[in-house]
Amino acid sequence: MKRKVIQHKWKKKLFALILVVFCLGSLLYMQTRYHHVAGLVSLQHHFVPEPKVQGPKIAFLFIARNRLPLEMVWDAFFRGGDSKFSIFVHCRPGFLLNKATTRSPYFLNRQVNDSVQVEWGEASMIEAERILARHALSDPLNDRFVFLSDSCIPLYNFSYTYDYIMSTSNSFVDSFADTKEGRYNPKMDPVIPVYNWRKGSQWAVLTRKHAKVVVEDETVFPMFQKYCKKKPLPEFWRAHYIPADTSKVHNCIPDEHYVQTLLAQKDLDAEITRRPLTHTAWDISNSREYDRRGWHPVTYKYSDATPMLLKFIKEIDNIYYETEYRREWCSSKGKPSTCFLFARKFTRTAALRLLNMSVLG
C-alpha cells in the first residue's frame with residue numbers, strides 16, 4: 001500500500017514537470033515568433049518608401065478658338081512631365097474637349113467652363129487670360145503660369161523647359177516703353193499715368209504672385225475696357241465715329257499692353273525678366289491700303305518647318321529693344337542661354353512635320 005502511494009506521488013510530480021516543460025516551450029516558441037514577426041514589420045517599414053511630396057507645378061494656359069490643332073505635339077511634350085504640370089484651355093463658350101474633339105488624354109475636359117467670346121484686338125483677349133489664371137490659381141501647387149496660343153510649339157523637352165522656368169523667382173514678361181506708336185490714350189490719366197505705359201507680347205510666364213495681381217486687378221482692366229481699343233477697319237467706319245484725320249485715332253491692342261502696364265502700375269518691374277520665352281517672327285504687311293498696313297506675326301507653313309528653322313530660333317541669345325536702346329542678353333541659372341522655349345505661329349502640318357522629324361524636344 002505504501003509503495004502505491006509513493007508511485008502515485010512520483011507520477012503527479014512527473015506530470016507537473018512535463019506540464020512545466022511544455023509551458024516553457026510554448027512560451028519560448030511564442031517569443032521567437034513575436035520577434036520574427038516584429039523583425040519583418042520593422043524590415044517592411046525600412047524598405048517601404050515615404051509618400052512622395054508633390055513639388056511645384058507649371059500651369060499651361062492655352063487660348064484657343066475651338067480645338068487645339070497642335071495637340072499631338074503637346075501630347076509628346078507632356079509625356080515627360082511626371083505630374084509637374086496642369087493644363088487649362090480657354091475655348092469659345094460651349095466648346096468641350098472630349099474624345100470627339102481631342103485625341104490627347106492630357107486635354108480631355110480641360111476647357112474652362114466660364115469662357116468668353118474672344119475677339120482679336122479687344123479687351124476680351126485679356127479677359128480670357130484672367131479667367132485662365134483664376135482657374136489655375138485654384139490649385140495651390142501651381143507656381144508658374146505660362147500663356148500660350150493654339151499655334152505655339154515647345155522647342156525643348158519638358159524637363160529642360162521646367163528647369164529653365166523654375167530656375168528663377170522672376171516672371172518672364174516682354175515689357176518695354178511704348179514711345180512711338182501713340183497707343184496711349186490720355187483719358188487713362190491719372191489712373192494709368194503715361195510713365196507706366198508699357199508694350200510687349202501677351203505670351204508671358206508669370207509667378208504665382210503676379211498671376212494673383214492679374215486676377216485681383218479691379219483698376220487697370222476697366223480702364224483698358226473703356227479706353228484701349230483697336231482702330232476699326234475702313235469697312236466698319238460707318239458704325240463708328242471716326243474723325244477726319246484718322247491718324248489721330250488711338251489704335252490700342254489691349255493684350256499687347258495689359259500685363260506689362262499692370263505690373264508697372266504695381267511697381268513690380270524689378271520682379272520680372274523683361275523678355276518673352278515665346279519666339280514670334282514679325283513681318284510688315286504689304287497691303288496697298290494704308291489702314292491695313294502694320295506688323296503681323298509670320299505663320300510658318302509645311303515648307304517652312306525645317307531643322308534649320310528651329311536651329312535658327314534656338315540659337316538666338318539676345319533681344320534688342322529699339323525704343324529703350326536696350327539689348328537683353330538671355331541667361332539661365334546665371335549662364336548664357338537660348339532666349340526661347342516656345343515658338344509661334346505654326347500650322348498643324350508644319351508642327352506635325354517637325355514632330356515626325358524628331359527635332360522637337
Side-chain angles (χ1 to χ4, degrees), residues 52 54-120 124-125 127-162 165 202-203 205 211 215 278 299-302 305 310 341-361:
K52 188 175 181 180
Q54 177 72 58
K57 298 193 297 186
I58 296 178
F60 290 86
L61 313 179
F62 292 87
I63 296 180
R65 296 170 181 82
N66 296 309
R67 64 180 66 201
L68 289 156
L70 311 186
E71 59 182 354
M72 298 316 296
V73 173
W74 287 100
D75 183 276
F77 173 79
F78 288 128
R79 286 177 200 169
D82 191 29
S83 302
K84 292 182 179 179
F85 66 92
S86 57
I87 298 171
F88 298 86
V89 184
H90 185 286
C91 308
R92 64 173 171 79
F95 185 83
L96 300 177
L97 287 166
N98 52 35
K99 290 184 178 180
T101 57
T102 180
R103 293 188 295 158
S104 170
Y106 295 111
F107 292 102
L108 275 176
N109 302 313
R110 297 314 304 159
Q111 76 283 342
V112 296
N113 57 10
D114 55 348
S115 61
V116 296
Q117 187 63 45
V118 173
E119 301 292 340
W120 179 82
S124 56
M125 180 68 81
E127 187 175 358
E129 293 179 348
R130 285 158 53 89
I131 291 171
L132 284 168
R134 185 176 69 250
H135 280 274
L137 283 167
S138 65
D139 184 344
L141 292 177
N142 285 333
D143 198 59
R144 297 293 190 277
F145 302 77
V146 181
F147 290 97
L148 298 160
S149 78
D150 56 7
S151 64
C152 281
I153 63 169
L155 297 174
Y156 299 92
N157 62 31
F158 184 91
S159 178
Y160 180 86
T161 302
Y162 182 91
I165 291 174
Q202 76 179 98
W203 311 115
V205 176
V215 169
T278 298
T299 298
Y300 296 111
K301 300 179 176 59
Y302 181 87
L310 287 196
L341 300 179
F342 314 101
R344 62 187 292 268
K345 302 173 56 174
F346 284 82
T347 63
R348 177 182 175 83
T349 55
L352 290 178
R353 185 185 190 192
L354 292 172
L355 182 64
N356 291 333
M357 288 179 178
S358 299
V359 293
L360 294 175

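- Here the closest non-hydrogen pair linking Arg134 and Val215 is N-CG2, 3.5 Å.
- Here SG of Cys91 is found 6.0 Å from CG of Leu68. Values are rounded to the nearest 0.5 Å.
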Determine whether Val118 and Ser124 satisfy the following criterion, side chain to side chain contact (heavy atoms under 4.5 Å, CB included), listing intermediate values before the conclusion.
CA-CA 5 Å; Val118 173; Ser124 56; 4.2 Å; yes
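- For Lys345, the side chain to side chain contact (heavy atoms under 4.5 Å, CB included) partners are Ser151, Pro297, Thr299, not counting sequence neighbours.
- Partners of Lys84 by side-chain hydrogen bond (donor to acceptor under 3.5 Å, both in side chains), not counting sequence neighbours: none found.
- The shortest distance between side-chain heavy atoms of Ile131 and Phe88 does not fall below 4.5 Å.
- Looking only at side-chain heavy atoms (C-beta outward), Thr349 and Lys301 stay at 4.5 Å or farther from each other.
- Each salt bridge (Lys or Arg N to Asp or Glu O under 4.0 Å) pair with one or both residues in residues 55-66, not counting sequence neighbours, appears once here: Lys57-Asp139, Arg65-Asp150.
- Taking Arg110 as the reference, nothing meets the salt bridge (Lys or Arg N to Asp or Glu O under 4.0 Å) condition, with sequence neighbours excluded.
- Scanning for side chain to side chain contact (heavy atoms under 4.5 Å, CB included) contacts around Ser159 gives Asn157, Asp163, with sequence neighbours left out.
- Ring geometry, Phe60 versus Phe158: the interplanar angle falls from 30° to 60°, so the pair is classed tilted.
- Proximity of Cys152 to Thr278: side-chain heavy atoms (C-beta onward) are separated by under 4.5 Å at one or more points.
- Rounding to the nearest 0.5 angstrom, the gap separating the CG atom in Leu310 from the OH atom in Tyr156 is 9.0 Å.
- To the nearest 0.5 Å, atom CZ of residue Arg344 and atom OG of residue Ser149 are 4.0 Å apart.
- Between the Asn142 side chain and the Ala136 main chain, a donor and an acceptor come within less than 3.5 Å of each other.
- Judged purely by atom type and a 3.5 angstrom limit, Thr101 has no side-chain atom pairing as donor or acceptor with the backbone of Arg67.
- Pairs of residues two or more places apart, or lying in two chains, never qualify as ring pair (Phe, Tyr, Trp, His ring centres under 6.0 Å) while including a residue from residues 129-150.
- Taken from CG in Leu70 to CG in Leu148, the straight-line distance is 10.5 Å, to the nearest 0.5 Å.
- For an aromatic pair to be called close, the ring centres must be under 6.0 Å apart, and Trp74 with Phe107 fails this.
- By the side-chain hydrogen bond (donor to acceptor under 3.5 Å, both in side chains) test, Arg130 pairs with Tyr258, sequence neighbours left out.
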Can you list, pair by pair, the side-chain donor-acceptor contacts under 3.5 Å of residues 352-361, counting residues two or more places apart and other chains?
| from | atom 1 | to | atom 2 | distance (Å) |
| --- | --- | --- | --- | --- |
| Arg353 | NH1 | Tyr302 | O | 2.8 |
| Arg353 | NH1 | Ala305 | O | 3.4 |
| Asn356 | ND2 | Leu352 | O | 3.2 |

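- The side-chain heavy atoms of Val73 and Phe346, taken from C-beta on, include no pair separated by under 4.5 Å.
- The minimum heavy-atom distance between Ala128 and Val116, with the atom names listed, is N-CG2, 4.5 Å.
- Atom CG of Leu141 sits about 13.0 Å away from atom CD1 of Ile58, to the nearest 0.5 Å.
- Taking Arg348 as the reference, nothing meets the salt bridge (Lys or Arg N to Asp or Glu O under 4.0 Å) condition, with sequence neighbours excluded.
- Residues satisfying the side chain to side chain contact (heavy atoms under 4.5 Å, CB included) criterion with Asp143, sequence neighbours excluded, are Pro56, Met166, Arg208.
- In this structure, Arg92 has no salt bridge (Lys or Arg N to Asp or Glu O under 4.0 Å) partners at least two apart in sequence or on a different chain.
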Side chain to side chain donor-acceptor pair (under 3.5 Å), that's the test. Do Thr102 and Glu71 meet it? Break it down for me.
CA-CA 7 Å; Thr102 180; Glu71 59 182 354; 2.4 Å; yes
Pair Phe62, Leu132 - check side chain to side chain contact (heavy atoms under 4.5 Å, CB included), show working.
CA-CA 8 Å; Phe62 292 87; Leu132 284 168; over 6 Å; no
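- For Ser115, there are no side-chain hydrogen bond (donor to acceptor under 3.5 Å, both in side chains) partners two or more places apart in sequence or in a different chain.
- Considering every non-hydrogen atom in both Phe342 and Pro154, the closest pair reads CD2-CA, 3.9 Å.
- Of the possible donor and acceptor atoms, none in the side chain of His90 sits under 3.5 Å from a partner among the backbone N and O of Leu61.
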Between Lys99 and Leu108, is a side chain to side chain contact (heavy atoms under 4.5 Å, CB included) present by the stated rule, with each step listed?
CA-CA 7 Å; Lys99 290 184 178 180; Leu108 275 176; 4.0 Å; yes
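- Ring geometry, Phe78 versus Tyr106: the interplanar angle falls from 30° to 60°, so the pair is classed tilted.
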